[in-house]
Amino acid sequence: MPLGRRMSKDVAELFEADRVLADTYRRRLAEATEAEARLRAAQSADPSGAAPRAEAIAFDRALTAAIEAAEAAERVAAGPKVYAPENADAKTRRAAEIAFRRAKAKPAVQPWTDEVDRLRTAREAHRLSYRVVPAVAV
């Protein structure tokens, strides 16, 4: 007889996928740091050229990837109760949302919540400073 809490196969698959994604957090954060350094170098070399725009887009993508990994690590730290399968009813989805909000207050999850907030703030500051979406032709 297995010890511990049992979870459905769907939840176990989601949890394992998040665990794999969370393991890539450090690498993705390093890639975002490198992309930011390339952006700053491109800005200092040619502030009005196309190179800073391409580097700004690359930095935005790297930050987004780091945020995805940090969010996955946050969910893994919160535990399997915060997952709801895609085909779950509304009551189960709502219970998972409530469990996630409760888990955010736990000391093991709080550093990841802070990190997700820090990365989102950095991405929003970057998006407000640089145009990273394609220009619309008039």
Side-chain angles (χ1 to χ4, degrees):
M1 172 166 41
L3 299 176
R5 191 173 281 279
R6 291 174 44 182
M7 63 178 108
S8 71
K9 184 183 271 187
D10 295 337
V11 170
E13 289 172 0
L14 293 172
F15 187 73
E16 187 58 33
D18 272 350
R19 187 178 302 222
V20 169
L21 184 58
D23 289 341
T24 66
Y25 170 72
R26 296 249 184 240
R27 180 180 53 83
R28 289 177 181 224
L29 187 62
E31 289 171 359
T33 304
E34 292 170 7
E36 183 181 20
R38 286 192 307 269
L39 171 63
R40 302 298 176 223
Q43 285 175 329
S44 64
D46 184 21
S48 62
R53 176 169 165 68
E55 293 300 332
I57 292 170
F59 179 48
D60 184 72
R61 288 186 179 145
L63 267 177
T64 301
I67 290 170
E68 290 172 354
E71 288 172 341
E74 181 183 31
R75 287 189 299 270
V76 167
K81 280 187 171 182
V82 303
Y83 292 90
E86 291 180 13
N87 58 353
D89 60 344
K91 186 176 180 181
T92 305
R93 284 193 310 271
R94 183 67 179 146
E97 291 171 5
I98 291 169
F100 187 58
R101 277 200 312 253
R102 283 184 173 177
K104 281 185 166 188
K106 293 180 181 177
V109 181
Q110 192 62 42
W112 287 112
T113 302
D114 294 342
E115 185 65 11
V116 168
D117 290 342
R118 183 184 72 83
L119 291 172
R120 283 183 182 159
T121 302
R123 184 179 63 180
E124 289 305 313
H126 171 68
R127 286 181 175 177
L128 290 172
S129 300
Y130 304 98
R131 173 175 240 148
V132 293
V133 295
V136 178
V138 178

Report task. In sequence, state the C-alpha distance, the side-chain angles, and the governing distance for E97 and R93, and then conclude on salt bridge (Lys or Arg N to Asp or Glu O under 4.0 Å). Result -> CA-CA 6 Å; E97 291 171 5; R93 284 193 310 271; 5.9 Å; no

Query - Audit row: E68, T24, side-chain contact (heavy atoms from CB on, under 4.5 Å) steps and yes/no - result: CA-CA 10 Å; E68 290 172 354; T24 66; over 6 Å; no

Report task. Go through R94 and K91 one step at a time and tell me if the side-chain contact (heavy atoms from CB on, under 4.5 Å) criterion holds. Result -> CA-CA 5 Å; R94 183 67 179 146; K91 186 176 180 181; 5.8 Å; no

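When the side-chain hydrogen bond (donor to acceptor under 3.5 Å, both in side chains) test is applied to S8, no partner is found at least two apart in sequence or on another chain. Partners of E71 according to the side-chain contact (heavy atoms from CB on, under 4.5 Å) rule, which considers only residues two or more places apart in sequence or in another chain, are I67, R75, V116, R120.
R40 CZ: more than 12 foreign heavy atoms inside a 6.0 Å radius. Counted within 6.0 Å of CZ on R27, heavy atoms from surrounding residues, nucleotides or ligands total more than 12; the atom is thus considered enclosed.
Taking NE2 of H126 as the reference point, atom OG1 of T64 lies at 8.5 Å (rounded to 0.5 Å). Atom OG1 of T113 sits about 13.5 Å away from atom CZ of R118, to the nearest 0.5 Å. Taken to the nearest 0.5 Å, the CD atom of E31 stands 13.5 Å off from the CZ atom of R61.
There is a path of hydrophobic side-chain contacts, each under 4.5 Å, that joins L119 to F59. Taken together through direct or relayed side-chain contacts under 4.5 Å among Ile, Leu, Val, Met, Phe, Trp and Tyr, L63 and W112 form part of one hydrophobic cluster. Both V82 and L14 are assigned to one and the same hydrophobic cluster, defined by single-linkage of ILVMFWY side chains at heavy-atom distances under 4.5 Å.
Residue pairs meeting the ring-ring contact (aromatic ring centres under 6.0 Å, His included) criterion with at least one partner in residues 80-99, sequence neighbours excluded, are F15-Y83.
Of all the heavy atoms in V109 and K104, the pair that sits closest is CG1-CA, 4.0 Å. When all heavy atoms of E55 and L39 are compared, the closest pair comes out as CB-CA, 3.7 Å. Shortest non-hydrogen contact noted between Q110 and A105 is OE1-CA, 4.3 Å. Across all non-hydrogen atoms, the minimal contact from D60 to R123 is OD1-CG, 3.6 Å. Contact detail for A32 and A62: the closest heavy-atom pair is CA-CB, 3.6 Å. Taking all atoms of both residues into account, the shortest heavy-atom contact from P107 to P111 is O-CD, 3.1 Å.
Contact check for R102 versus K81: no side-chain heavy atoms found under the 4.5 Å cut-off.
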